[in-house]
Asker: 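First the structure, which I've put down as structure tokens, then a few questions once you've had a look.
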Amino acid sequence: MVIKQIKQWFAARANAARWRPLSDWAAERGGQLRHARDGRGFVIDLPRVLPGLTRIEWGPSQRSYIEGFELRMRCELKVNPDMQMMLIERKLMERLESNVFEAYTDTLRTRVDTDTPEEMRWLVMFPKSSIESKLVRQRFGAVGVNRELVMAWLDGDLSERLAQATQDVLIEGRPFVLLSLRGNVYLRTSMPEPSLPECQALTHLLDAAATSAMAVNQRLGDGGPWPTTTSVAWHSRPSEGDYSQA
């Protein structure tokens, strides 16, 4: 027990220096970086400012389609929970589509329904949406409860930020998912080692996605068209993984 505590102490000291730039950045924004107990990750909570309370986590991947470590982000918005939309890196989309198709044609279909995360189920549930930006369209695919809803979400500033991010932080072939789910916006990507520039860039991208989602939600609240698919039946399912509200 003593040896384990000593190892954890040394790991904490090493990580404090390793992640000092991120810790300082979080503090400047009124937030705080906390280390995982095992020293294999961290959590940053940023204050409730527009567009919403944001949590950033880095640690071992919680998804089978990402190897090693990942960065996860969540921005709490409390928009309509049925506003289900996803942007996904194109190569990852093609790989997951193949995996889901094979699983759904297997005899274990019931298990697939209950065990696969939303981002995989949505690939077979929802229609694909067109993306106006040629650069974004080449690198990503989009699906959602309604095509017009997704196109409105990806319009304007979010599309521009995505196009800019493809030049540096969103590397081709690097797993990346951005989705609106249960009233919040989430981002998930592969990240072997976190860096301040990458975390800053992805936070700006999450902010843009959240701001756009709120704008779409406002338009719907003002009497805009609402999708009539079967998404509500899926929304009533229990939360899975780290998309829960616990």
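Nothing here was measured: the structure is a model prediction, and the numbers come from that model. In what follows, residues are counted from 1 in the order of the sequence shown.
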Asker: Once side chain to side chain donor-acceptor pair (under 3.5 Å) is applied, do any residues pair with R161, and if so which ones, sequence neighbours excluded?
Answerer: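 Side chain to side chain donor-acceptor pair (under 3.5 Å) check on R161 returns D157.
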Asker: Could you grab the distance from atom CZ of R188 to atom CD1 of I66, nearest 0.5 Å is fine?
Answerer: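 Answer for the CZ-CD1 pair, R188 versus I66, is 6.0 Å.
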Asker: Kindly determine whether L71 and E57 satisfy side-chain contact (heavy atoms from CB on, under 4.5 Å), including the steps that lead there.
Answerer: CA-CA 6 Å; L71 187 76; E57 298 179 331; over 6 Å; no
Asker: Checking R18 against E193 for the side-chain contact (heavy atoms from CB on, under 4.5 Å) test, could you report, in this order, the C-alpha distance in whole Å, the side-chain angles of both residues, the deciding distance, and whether it holds?
Answerer: CA-CA 10 Å; R18 174 187 178 193; E193 180 70 18; 2.7 Å; yes
Asker: Check step by step if side-chain contact (heavy atoms from CB on, under 4.5 Å) holds for V43 and I56.
Answerer: CA-CA 6 Å; V43 174; I56 302 170; over 6 Å; no
Asker: Given 3.5 Å as the limit, does a donor-acceptor pair link the side chain of E70 with the main chain of Q62, or not?
Answerer: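 Judged by distance alone, yes, a pair lies under 3.5 Å.
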Asker: Between W19 (side chain) and L33 (backbone), is there a donor-acceptor pair under 3.5 Å?
Answerer: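 Flag not set: sc W19 to bb L33 has no pair under 3.5 Å.
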Asker: What's the separation between atom CG in L154 and atom OG in S133, rounded to the nearest 0.5 Å?
Answerer: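 Reported value, rounded in 0.5 Å steps: 9.5 Å.
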Asker: Do the non-hydrogen side-chain atoms of N80 and L220 ever get within less than 4.5 Å of each other?
Answerer: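 A side-chain contact is absent here, since even the closest heavy-atom pair is not under 4.5 Å.
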Asker: Could you tell me whether a side-chain N or O of N217 sits under 3.5 Å from a main-chain N or O of V79, the two making a donor and an acceptor?
Answerer: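 Not at all, since once roles are kept as given, no pair shorter than 3.5 Å links the two residues.
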Asker: Could you list the residues that satisfy side chain to side chain contact (heavy atoms under 4.5 Å, CB included) with R95, not counting sequence neighbours?
Answerer: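 Counting only residues at least two positions away or on another chain, R95 forms a side chain to side chain contact (heavy atoms under 4.5 Å, CB included) with Y65, L92, N99, P175.
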Asker: Tell me, please, which residues at least two apart from K91 pass salt bridge (charged side-chain N to carboxylate O under 4.0 Å, His left out).
Answerer: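 Salt bridge (charged side-chain N to carboxylate O under 4.0 Å, His left out) check on K91 returns E172.
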Asker: What's the separation between atom CD1 in I88 and atom CG in L123, rounded to the nearest 0.5 Å?
Answerer: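 With rounding to 0.5 Å, CD1 (I88) is 5.0 Å from CG (L123).
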Asker: So do M86 and E119 actually touch side chain to side chain, heavy atoms under 4.5 Å?
Answerer: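 A side-chain contact under 4.5 Å exists here.
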Asker: Considering only residues two or more places apart or on different chains, which pairs with a residue in residues 124-140 satisfy salt bridge (charged side-chain N to carboxylate O under 4.0 Å, His left out)?
Answerer: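 Those involving residues 124-140 are E97-K128.
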Asker: For V143, does its backbone N or O pair with a side-chain atom of S129 as donor and acceptor, under 3.5 Å?
Answerer: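 A pair under 3.5 Å: no.
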Asker: Could you check whether any side-chain heavy atom of M120 comes within less than 4.5 Å of a side-chain heavy atom of V177, counting everything from C-beta outward?
Answerer: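 Side chain of M120 against side chain of V177, heavy atoms only: no contact under 4.5 Å found.
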Asker: Under the rule for salt bridge (charged side-chain N to carboxylate O under 4.0 Å, His left out), what residues qualify as partners of D24, not counting sequence neighbours?
Answerer: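 For D24, no residue satisfies salt bridge (charged side-chain N to carboxylate O under 4.0 Å, His left out) once neighbours in sequence are set aside.
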Asker: For A213 and V185, work out which heavy atoms get closest and say how close.
Answerer: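 Result for this residue pair: CB-CG2, 4.0 Å.
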Asker: For R34, give me all partners under side chain to side chain donor-acceptor pair (under 3.5 Å), at least two apart in sequence or on another chain.
Answerer: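 Scan of R34 (side chain to side chain donor-acceptor pair (under 3.5 Å), adjacent residues dropped) gives D45.
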Asker: Are L53 and W25 connected into the same hydrophobic cluster when the rule is that any two of I, L, V, M, F, W, Y join if their side-chain heavy atoms are below 4.5 Å apart?
Answerer: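 Looking at the clustering, L53 is in a separate group from W25.
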Asker: With distance as the sole test, does S180 use its side chain to make a donor-acceptor pair with the main-chain N or O of M83 at under 3.5 Å?
Answerer: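 Yes; at least one donor-acceptor contact below 3.5 Å.
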Asker: Side-chain contact, heavy-atom cut-off 4.5 Å: Y186 with R72?
Answerer: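 Contact flag for Y186/R72 side chains = no.
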Asker: Should M125 and V150 be counted in the same cluster of Ile, Leu, Val, Met, Phe, Trp and Tyr side chains packed under 4.5 Å apart?
Answerer: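 Yes.
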Asker: Return each pair, listed once, that meets ring-ring contact (aromatic ring centres under 6.0 Å, His included) where at least one residue sits in residues 165-184; pairs must be two or more places apart or across chains.
Answerer: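 ring-ring contact (aromatic ring centres under 6.0 Å, His included) check on residues 165-184 returns F140-F176.
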Asker: Run the side chain to side chain contact (heavy atoms under 4.5 Å, CB included) test against P60 and tell me which residues pass, sequence neighbours left out.
Answerer: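 In terms of side chain to side chain contact (heavy atoms under 4.5 Å, CB included), with neighbours along the sequence ignored, P60 is linked to R40, F69.
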Asker: About how many Å separate OG of S61 and CD of E67, when rounded to the nearest 0.5 Å?
Answerer: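 Reported value, rounded in 0.5 Å steps: 9.0 Å.
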Asker: Does some side-chain heavy atom of L149 sit less than 4.5 Å from a side-chain heavy atom of M85?
Answerer: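 Yes. Closest side-chain heavy atoms under 4.5 Å.
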Asker: Does some side-chain heavy atom of R63 sit less than 4.5 Å from a side-chain heavy atom of P117?
Answerer: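 Yes, close enough: below the 4.5 Å cut-off.
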Asker: Run the side-chain donor-acceptor check on residues 195-212: report pairs under 3.5 Å with partners two or more places apart or on a different chain.
Answerer:
| from | atom 1 | to | atom 2 | distance (Å) |
| --- | --- | --- | --- | --- |
| S195 | OG | E198 | N | 3.4 |
| S195 | OG | E198 | OE1 | 3.2 |
| E198 | OE2 | R174 | NH1 | 3.0 |
| E198 | OE2 | R174 | NH2 | 3.2 |
| T203 | OG1 | C199 | O | 2.7 |
| T211 | OG1 | D207 | O | 2.9 |
| S212 | OG | W153 | O | 2.6 |

Asker: Under a 3.5 Å distance rule, please check whether T54 uses its side chain to pair with a backbone N or O of G52 as donor and acceptor.
Answerer: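 Yes: the side chain of T54 pairs with the backbone of G52.
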Asker: Hydrophobic clusters here meaning ILVMFWY residues chained together by side-chain heavy-atom distances under 4.5 Å, can you tell me if M214 and L179 are in one?
Answerer: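 Hydrophobic grouping puts M214 with L179.
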Asker: Using the rule side-chain contact (heavy atoms from CB on, under 4.5 Å), only one of L158, I131, T166 pairs with V136; which is it?
Answerer: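 Only match with V136 under side-chain contact (heavy atoms from CB on, under 4.5 Å): I131.
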